[in-house]
Asker: 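Mind having a look at this structure? Questions to follow.
Here is the naming used below: chain letters follow the sequence lines, and residue numbers restart at 1 for every chain. In this text the structure is predicted, and so the values were computed from the model without any measurement. When reading the values below, keep in mind they use all heavy atoms of this one structure, side chains included, and skip hydrogens, waters and symmetry mates.
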There are 2 protein chains.
Amino acid sequence: MITGMSPYDPSAFLPFAVTVDLVVLTVRGHALCALAVRRGEPPFEGRWALPGGFVRGEENLAEAAARELAEETGLCVQDPGSDAPTGTAHLEQLATYGDPGRDPRMRVVSVAHLALAPDLPAPRAGGDAEGARWAPVRDLLGEDLIGGDGARRDAEPPAPLAFDHARILADGVERARSKIEYSSLATAFCPSEFTVGELRRVYEAVWGVALDPRNFHRKVTGTPGFLVPSGGTTTRQGGRPAQLFRAGGATVLNPPMLRPEI
Amino acid sequence: MITGMSPYDPSAFLPFAVTVDLVVLTVRGHALCALAVRRGEPPFEGRWALPGGFVRGEENLAEAAARELAEETGLCVQDPGSDAPTGTAHLEQLATYGDPGRDPRMRVVSVAHLALAPDLPAPRAGGDAEGARWAPVRDLLGEDLIGGDGARRDAEPPAPLAFDHARILADGVERARSKIEYSSLATAFCPSEFTVGELRRVYEAVWGVALDPRNFHRKVTGTPGFLVPSGGTTTRQGGRPAQLFRAGGATVLNPPMLRPEI
DNA sequence: ATCATAGTCGTCTGCCTGACGATAAACAGT
DNA sequence: ACTGTTTATCGTCAGGCAGACGACTATGAT
């Protein structure tokens, strides 16, 4: 910009298409899953891809991502302060991908966003017959996560995601794995009321490790502002009734929940 | 994308201008400083702004940021493996800013990057007479950093940065403050050989706090892979000669350098 | 010689962590 | 009713790391 030419020399201007792509993560069963949509047209027709779409003229990037998320899942973005009973998700910007050849048709810069959602009944196929699904991240990336139980190695031939979406997904998963260490974001994977065991299973699914229930319980209940008891109990997991909690006001965890090494 | 319209419906396509903006940080004296350029034309003529420019057709986002950085400072991006003797910097993508009104002339999406550089003699005014300068972050943001020494409160009337660059700078500074906790990035602010005291002054300048020299020395020399002794000593800081170190191979610090609370 | 400055090595105490024993409260099956 | 299984929750103990701070060392300045 400080070179000889003017910062806004028209000869330097090149039009780009700008899209938002979404890495929507949830925990289903004991697996970290991502939302994938099947492409209905070339390129990569029939392959799975991350949901996304163009940014419209009047909206900013976060609004575009929230709109796409609502279209795909019906989820609303979690506003700080509002506490909608269901259907809220955490949404944050992830990174931007703009390599010249990433879309063979035109120069597309995609601002990827990361959304964390509690387990939903089923992805809302928003009018597209091709459909959407929750797919285990392990299957989508064709890799074995650390600490995997070794089963279900033959589920689906790992057709790679379209475009550079495998890298975007990998970046989003790594962001989620890292962020639940020092923030209370893991509660975004849980319903409004949850037990310590359910929260532990979220950490185990995202990190792909087994955690000691006793130490986890001590840490998570001892971190100020992380969890507040809601009064009730539940036996939906079997065994002894467990105390129900809600997410506390803290956003950063002090001390953090450090992920075990190796 | 899964709505009724096709994912690439031309009616949804809207051309954007895509730029890269740079938050270039360095430590000069005892202050964290950022590179600022003075705008030579409207809008915001005469105001300070972050360096940046358009992404060209054949380059990706990282290449565009590296080119802008080289044009402004002469710095090369630190390749993993190559160890150029001088003039290398760390460069990473920061975030993307695309609010509709952020540039009054047209819809501009700016992919901001964060660069960390050792102290340089002077910013290279790359042909633009308006010039560039290293400005203390405190002055650019018009805020008092935590632990500031209370002096120099009257240096410059805090004319705010152009566009939304104050927010971009604030995000970059917060990223730097956070990243030197759990990565070895603080060495990017140091020359190739440095002492423990110089590294400590980097942490103190970035965080705006005072650190105990004895505990810092113990931590930093005890973290495996962080520092490797280069053999020499120096007295350039006065006092007893200090051992010289180079950055070790580690990129993540274990245990991390936790920033003191409050 | 003395002081000021900066670097380096130790010590001590408290907190956090991982490993793991023990108890409690539900359900399933006999 | 009893037993086994599952999950939750409380405790204990040893090791590691962090903050607070004392002590000593090696240089330059006065």
Side-chain angles (χ1 to χ4, degrees), chain A residues 29-30 147 180-182 190 193-205 207 209-245 250 252-262, chain B residues 29-30 147 180-182 190 193-205 207 209-245 250 252-262:
Chain A
H30 283 187
I180 64 174
E181 286 192 279
Y182 53 90
C190 296
E193 288 196 336
F194 53 90
T195 70
V196 173
E198 289 164 348
L199 184 63
R200 176 170 48 83
R201 277 179 281 276
V202 163
Y203 275 93
E204 289 177 333
W207 285 343
V209 299
L211 300 174
D212 185 287
R214 299 157 291 190
N215 292 335
F216 183 86
H217 188 280
R218 180 185 56 194
K219 277 220 63 170
V220 87
T221 56
T223 299
F226 194 7
L227 302 183
V228 292
S230 75
T233 60
T234 184
T235 65
R236 61 177 170 235
Q237 297 290 338
R240 170 177 166 179
Q243 202 176 354
L244 283 170
F245 292 89
V252 295
L253 299 185
N254 210 319
M257 301 284 306
L258 292 179
R259 123 177 78 161
E261 319 172 27
I262 308 173
Chain B
H30 282 188
I180 65 173
E181 284 193 279
Y182 53 89
C190 296
E193 289 196 336
F194 54 90
T195 71
V196 173
E198 290 164 348
L199 184 63
R200 174 169 49 82
R201 279 179 280 276
V202 164
Y203 276 92
E204 290 177 332
W207 286 343
V209 299
L211 300 175
D212 185 285
R214 299 156 292 188
N215 292 336
F216 183 86
H217 188 278
R218 179 185 58 191
K219 278 221 61 170
V220 86
T221 56
T223 299
F226 195 7
L227 302 183
V228 291
S230 75
T233 60
T234 184
T235 65
R236 59 179 169 234
Q237 297 292 339
R240 169 176 164 178
Q243 201 176 354
L244 283 170
F245 293 88
V252 294
L253 298 185
N254 210 316
M257 300 286 304
L258 293 180
R259 117 178 82 160
E261 319 169 28
I262 308 173

Asker: Of all the heavy-atom pairs spanning B:Leu199 and B:Phe226, show the shortest one and how long it is.
Answerer: CD2-CZ, 4.0 Å
Asker: Roughly how many Å is it from CZ in B:Phe216 to P in C:dC9, rounded to a whole number?
Answerer: 15 Å
Asker: Looking at every heavy atom in both A:Thr223 and A:Leu253, which two are closest together, and how far apart are they?
Answerer: CG2-CD2, 4.1 Å
Asker: To the nearest Å, how far apart are B:Phe194 CZ and C:dA6 C1'?
Answerer: 18 Å
Asker: Report yes if a side-chain nitrogen or oxygen of B:Arg200 is closer than 4.0 Å to either non-bridging phosphate oxygen (OP1 or OP2) of C:dG7; otherwise report no.
Answerer: yes
Asker: If you compare every side-chain N and O of B:His217 against the phosphate oxygens of C:dT8 (OP1, OP2), does one of them come in below 4.0 Å?
Answerer: yes
Asker: Minimum heavy-atom separation for B:His30 to B:Arg201, with atom names?
Answerer: NE2-CD, 3.5 Å
Asker: What integer distance in Å separates B:Leu258:CG from C:dC15:C1'?
Answerer: 13 Å
Asker: Mind calculating the distance between CG (B:Asp212) and P (D:dA23) to the nearest angstrom?
Answerer: 15 Å
Asker: Using whole Å, what does the distance between atom P of nucleotide D:dA18 and atom CG of A:Asn254 come to?
Answerer: 14 Å
Asker: Could you tell me how far apart B:Asn215 (CG) and D:dC17 (C1') are, to the nearest whole angstrom?
Answerer: 11 Å
Asker: Using OP1 and OP2 only, check whether a side-chain N or O of B:Arg201 sits under 4.0 Å from C:dG7.
Answerer: yes
Asker: Is there a side-chain polar atom (N or O) of A:Lys219 under 4.0 Å from OP1 or OP2 of C:dC16?
Answerer: no
Asker: Begin from the C-alpha positions of B:Gln243 and B:Thr233 and carry the test side chain to side chain donor-acceptor pair (under 3.5 Å) through to its verdict.
Answerer: CA-CA 4 Å; B:Gln243 201 176 354; B:Thr233 60; over 6 Å; no
Asker: If you only use heavy atoms from C-beta on, which nucleotide in D:dC10, D:dA8, C:dC9 is closest to the side chain of B:Arg214?
Answerer: C:dC9
Asker: Starting from P on C:dG7, measure out to CG on B:Leu199 and report it in whole angstrom.
Answerer: 11 Å
Asker: Between D:dT9, C:dC12, D:dT12, which nucleotide gets closest to the side-chain atoms of B:Arg218?
Answerer: C:dC12
Asker: Of all the heavy-atom pairs spanning B:Glu204 and B:Leu211, show the shortest one and how long it is.
Answerer: OE2-N, 2.9 Å
Asker: Let me know, please, whether B:Gln243 or A:Arg240 comes out on the 5' side of the other along DNA chain C by nearest nucleotide.
Answerer: B:Gln243
Asker: Can you check the B:Leu211 CG to C:dT8 P distance for me, whole Å?
Answerer: 16 Å
